[in-house]
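Heads up, the thing below is written out as structure tokens.
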Amino acid sequence: MNNQKCSTLYQKPGGRTRIIQCIYVVGFMDLFGVSMIIPLLSHHVKALGASPTVAGVVGSTYGILQLFSSTIVGSWSDVVGRRYSLLTCLLLSALGYGLLGMSSSIALFVLARIPVGLFKHSLSICRALLSDLVSEAERPLVMGHFNAASSVGFILGPVVGGYLTEHEGGFYTSSFTCAVIFLANAGLVLMLPWSETLIHRKDTNSNNSNNDTSKGCHDSNCRKSVLNCSHANSHRPVSPAETEPGSRAAPRWREVSLLQPAWRQLSSVGSKIHTVASSDMWDLFLVRLLMAIAIMLYYSNFSLAMEERFSLTPKVTGYLISYSSTLGALAGFLVGPVTQLYGNNMAALLLHSTLLTCLLIFLYAAAPSVAQVLVSSTFFAISTSIGRTCITDLELQRGGVQASGTLIGAGQSVTAVGRVLAPLLSGLAQEFSPCGPPSLGVLLALAAVGLLLVRIPKWDGRGRTKKNQNAE
């Protein structure tokens, strides 16, 4: 009898494929709708009579709310399940964009941004759901395809939004259209074949006895129908390391039904966040922060730098940005083959993609001609796309898919910190030179490379520190 225990979500092949494909559609429509609105927000808030300072404060509302809510909502999805949390986020986001379509004053505009800032985490939950549905080997490929589908939506959305804006009441039409898109996404999620989903645990562990294995895999909780696609690990066998004081082994996560009291849900959410916060994952989160700021510095004054350095018109710069964005979307399809080329060694792939990103930022900062900028932009889009997938995969490897919502949410919170810091650092760097922001980005990327060079030798094959492996 095989030594197997519960660890990975399994589904009938047909239902599993349909869910994955539908999640790709949800990701595409999500960013398609959002990107219709993003370019129009600053113009609309100024049209409402806001001063530049007030417009800046109002614009930061969304980012601040995302900073604090990403981890909480991600952890909540681990507690109540992907289905309920995803539906909640989509419906409340639709409410927010609907209110945005009715905003005739700054107060209503701010009010409309609150539900979106708190609950616009549908993409994070989709990624957590995909990590539940596929094996660890398949995850980079599926995540890459999801990122590609989402990026295509982000590219096409502004085209439709710009067209609608040319007509009278264009902003309000775009906002209501976005709300309808989110409602359609919620309907799609509701119709997914959740009832075909079965929890089947298949993590091999030769240290467990056959009796423990039989109990773990034949328990009714290992094969129950999961209508909300959440984890139910309260009956899985526990490795000795998980019971040792001070051990940093992957924690046990227990499902709490949506019908449970709010205090119990909050308690479970707090417990999950505390477990991740106290884990030995600071190096991955720090690399994510450094690279997020470096990449944002690269883009922060791109249009202005192209005009000052090479006298490019905004139209030509726009073509260059669109070219880079398109390549970034297509690069999502390269993640799977590149991962296989590296033998699923995500740590080495992260190091090399980070080093390549650092080099490309440097080439852009020192570029003597537009041709060199074009070359650096080409490979920059590819390296950053692969790097984002690598860092997410390593976080899930180290923390375990049982906490995928919490981990992905924590990663989004770290990225949100970068969004807050990058504009400030960019402004300071531009005081010295148009090349100041990317030059600072090179230094931060170099710091990330140095950190990886120091930490990777201490990791095992799953991105966890070797001392933790020995303790298990």
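Because the structure is predicted, anything quoted here is derived from the model rather than measured.
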Sequence neighbours excluded, the answer for salt bridge (Lys or Arg N to Asp or Glu O under 4.0 Å) partners of Arg127 is none
Residue set satisfying salt bridge (Lys or Arg N to Asp or Glu O under 4.0 Å) with Glu138, at least two apart, ordered chain then number -> Arg16
Checking Ser426 against Gln430: is there a side-chain donor and acceptor pair closer than 3.5 Å? yes
query: Side chains of Thr392 and Arg288: donor-acceptor distance under 3.5 Å anywhere?
result: yes
Pairwise distance [atom1]([X]) to [atom2]([Y]) - rounded to 0.5 angstrom:
X      : Y      : atom1 : atom2 : value
Cys22  : Leu188 : SG    : CG    : 4.5 Å
Ile456 : Leu350 : CD1   : CG    : 6.5 Å
Ser122 : Leu91  : OG    : CG    : 11.0 Å

Quick note, side chain to side chain donor-acceptor pair (under 3.5 Å) partners involving residues 431-442, not counting sequence neighbours, are none
Taking all heavy atoms of [X] and all of [Y], pick out the closest pair and write down the distance.
X      : Y      : result
Gly98  : Phe176 : O-CE2, 3.5 Å
Leu297 : Ala422 : CD2-O, 3.7 Å
Gly96  : Pro115 : CA-CG, 3.7 Å
Ile361 : Pro438 : CG2-O, 3.2 Å
Arg82  : Asp132 : NE-OD2, 2.7 Å
Leu320 : Val373 : CD2-CG1, 3.9 Å

TODO: Report yes if the side chains of Arg113 and Tyr97 come closer than 4.5 Å at any heavy-atom pair, otherwise no.
DONE: yes
Side chain proximity check, Val160 to Leu156, heavy atoms < 4.5 angstrom: no
Sorted by chain and residue number, the side chain to side chain contact (heavy atoms under 4.5 Å, CB included) partners of Thr61 (sequence neighbours excluded) come out as Leu65
Residue set satisfying side chain to side chain contact (heavy atoms under 4.5 Å, CB included) with Val316, at least two apart, ordered chain then number -> Leu312, Thr313
inquiry  = Tell me whether Arg309 forms a cation-pi arrangement with Tyr364, defined as NZ or CZ under 6.0 Å from the six-membered ring centre and within 45 degrees of its axis.
reply    = yes
Is a side-chain donor or acceptor of [X] paired with a backbone partner of [Y] at a separation under 3.5 angstrom?
X      : Y      : answer
Ser413 : Leu67  : yes
Gln372 : Leu363 : yes
Ser93  : Leu90  : no
Ser151 : Asn147 : yes

Verdict with supporting geometry, Ile20 and Phe146, side chain to side chain contact (heavy atoms under 4.5 Å, CB included): CA-CA 9 Å; Ile20 291 175; Phe146 177 77; over 6 Å; no
Non-neighbouring partners of [X] that pass side chain to side chain donor-acceptor pair (under 3.5 Å), sequence neighbours left out:
X      : value
Thr177 : none
His44  : Ser103
Ser324 : none
Thr357 : Ser383

Contacts satisfying ring-ring contact (aromatic ring centres under 6.0 Å, His included) that involve residues 366-399 (not counting sequence neighbours) are Tyr298-Phe380, Tyr299-Phe380
Applied to residues 333-356, the salt bridge (charged side-chain N to carboxylate O under 4.0 Å, His left out) test, sequence neighbours excluded, yields none
So salt bridge (charged side-chain N to carboxylate O under 4.0 Å, His left out) across residues 26-43, not counting sequence neighbours, yields Asp30-Lys120
Of Ser69, Ser77, Ser85, the one forming a side-chain hydrogen bond (donor to acceptor under 3.5 Å, both in side chains) with His121 is Ser69
